[in-house]
Amino acid sequence: QGKAHLEAFAAILAIKECWIASRRPESTQALVHHAQSMGLQARVVSDLGAALAACPLVVTCTPAHSIVLDWQASAPPRADCFISAVGAFTPHMAELSPALCRHFANHGSIFVDTADATHEAGDLLQAGLDVSQYQTLAQVVREGRPQRTGPVLFKSCGWAGWDLAAARVALAAPQALGSVTPT
């Protein structure tokens, strides 16, 4: 997941720098080396709270059963922060702390991949949030992009239909993907 997201964001969003953290040092180093092979500036970070306060784009993609990314009042996310939380996909899994999820609910926006998130999005459920109140990606596509106010959290539980849609777009316009290769 980390490699695929890194490749997509480098190709589509033209990121030039990335900060990488993983629970396993060998995974961290492998992704750093891969990023550098793509021409990106990449470094390992150990203080995820400080990284969250500095980074405009954050991706969590681990099948975590315990919190990976926490919120610290001393270092809140940037006002223009976008978090894509794609690893935890059951009510018992969570990558983001309840405090971080509530911060986005109170100071920004939350979107979910599908209505199934109402019973699958452990991050949001464990934060005590009413997941049914958040727009799904399909609603955003149909109704247009809402005006952004504050940081944005996108919570995905891994609906295969979105993978299929992305594959169809990629096949229809392969030049848009640059150096991204299917895995």
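Keep in mind it's a predicted model, so treat the numbers as computed, not measured.
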Task: Chi angles and distances behind the side chain to side chain contact (heavy atoms under 4.5 Å, CB included) call for Arg23, Ser66 - done: CA-CA 12 Å; Arg23 291 180 179 177; Ser66 61; 3.3 Å; yes
Task: Interatomic spacing from OG in Ser109 to CZ in Phe82 - rounded to 0.5 Å - done: 10.5 Å
- [ ] With side chain to side chain contact (heavy atoms under 4.5 Å, CB included) as the test, would you mind laying out the steps for Val112 and Leu124 before giving the verdict?
- [x] CA-CA 10 Å; Val112 296; Leu124 304 177; 3.9 Å; yes
TODO: Would you name the heavy atoms of Phe89 and Cys157 that are closest together and state the gap between them?
DONE: CB-O, 3.3 Å
Open item on the list: Hydrophobic cluster membership, with links at side-chain heavy-atom distances under 4.5 Å among I/L/V/M/F/W/Y: are Leu52 and Ile110 in one?
Closed with: yes
Open item on the list: Could you check whether any side-chain N or O of Thr28 sits under 3.5 Å from a backbone N or O of Ser22, counting only pairs where one atom can act as donor and the other as acceptor?
Closed with: yes
Open item on the list: Return the CE to CD distance between Met93 and Gln126, rounded to the nearest 0.5 Å.
Closed with: 10.5 Å
Task: Spacing of Cys81 atom SG and His107 atom NE2 [to the nearest 0.5 Å] - done: 13.5 Å
Open item on the list: Tell me whether Asp80 contacts the main-chain N or O of Pro56 through its side chain, where contact means a donor paired with an acceptor under 3.5 Å.
Closed with: no
Open item on the list: Return the CG to OG1 distance between Asp116 and Thr118, rounded to the nearest 0.5 Å.
Closed with: 6.5 Å
Open item on the list: What verdict does the side chain to side chain contact (heavy atoms under 4.5 Å, CB included) test give for Gln135 and Phe111, after you've listed the backbone C-alpha separation in whole Å, the side-chain angles of each residue and the deciding distance to 0.1 Å?
Closed with: CA-CA 5 Å; Gln135 280 188 295; Phe111 301 92; 3.4 Å; yes
Task: Any donor-acceptor N/O pair, Arg78 side chain to Ala54 backbone, under 3.5 Å - done: yes
- [ ] Take Arg43 and Val32, measure what side chain to side chain contact (heavy atoms under 4.5 Å, CB included) needs, and give me the verdict at the end.
- [x] CA-CA 6 Å; Arg43 66 179 173 126; Val32 165; over 6 Å; no
TODO: Please report the shortest heavy-atom distance between Thr60 and Ala85, naming the atom on each side.
DONE: OG1-CA, 3.2 Å
- [ ] Check Ala51 against Val45 and note the closest heavy-atom contact, atom names and distance.
- [x] CB-CG2, 4.3 Å
Open item on the list: Under a 3.5 Å distance rule, please check whether Lys155 uses its side chain to pair with a backbone N or O of Gly122 as donor and acceptor.
Closed with: no
TODO: Could you check if a side-chain atom of Val44 sits within less than 4.5 angstrom of a side-chain atom of Pro25, using non-hydrogen atoms only?
DONE: no
Open item on the list: To the nearest 0.5 Å, what is the distance between CG on Leu96 and CD1 on Ile67?
Closed with: 7.0 Å
Open item on the list: If the test is side chain to side chain contact (heavy atoms under 4.5 Å, CB included), which one of Thr114, Leu137, Val86 qualifies with Ser156?
Closed with: Val86
Task: Same cluster (ILVMFWY, side-chain, under 4.5 Å), Leu129 and Leu69 - done: yes
- [ ] Taking Glu95 for its side chain and Gly87 for its backbone only, find out whether a donor-acceptor pair lies under 3.5 Å.
- [x] yes
Open item on the list: Would the distance check show the side chain of Asp70 and the main-chain N or O of Ser97 forming a donor-acceptor pair, the cut-off being under 3.5 Å?
Closed with: no
Task: Value rounded to 0.5 Å, distance of CD in Glu17 from SG in Cys55 - done: 8.0 Å
Open item on the list: Same cluster or not: Val59 versus Ile15, using hydrophobic residues (I, L, V, M, F, W, Y) connected whenever any side-chain heavy atoms lie under 4.5 Å apart?
Closed with: yes
- [ ] Write down the atom of Ala42, the atom of Ala35, and the distance for their closest heavy-atom approach.
- [x] CB-CB, 3.7 Å
TODO: On the 0 to 90° scale, with breaks at 30° and 60°, tag the Phe9-His5 ring pair as parallel, tilted or perpendicular.
DONE: perpendicular
Task: Single-linkage hydrophobic cluster, 4.5 Å side-chain cutoff, Tyr134 and Ile83 together - done: yes
TODO: Spell out, yes or no, whether Leu40 and Leu57 are grouped together once hydrophobic residues are joined by side-chain heavy atoms under 4.5 Å, including indirect joins.
DONE: yes
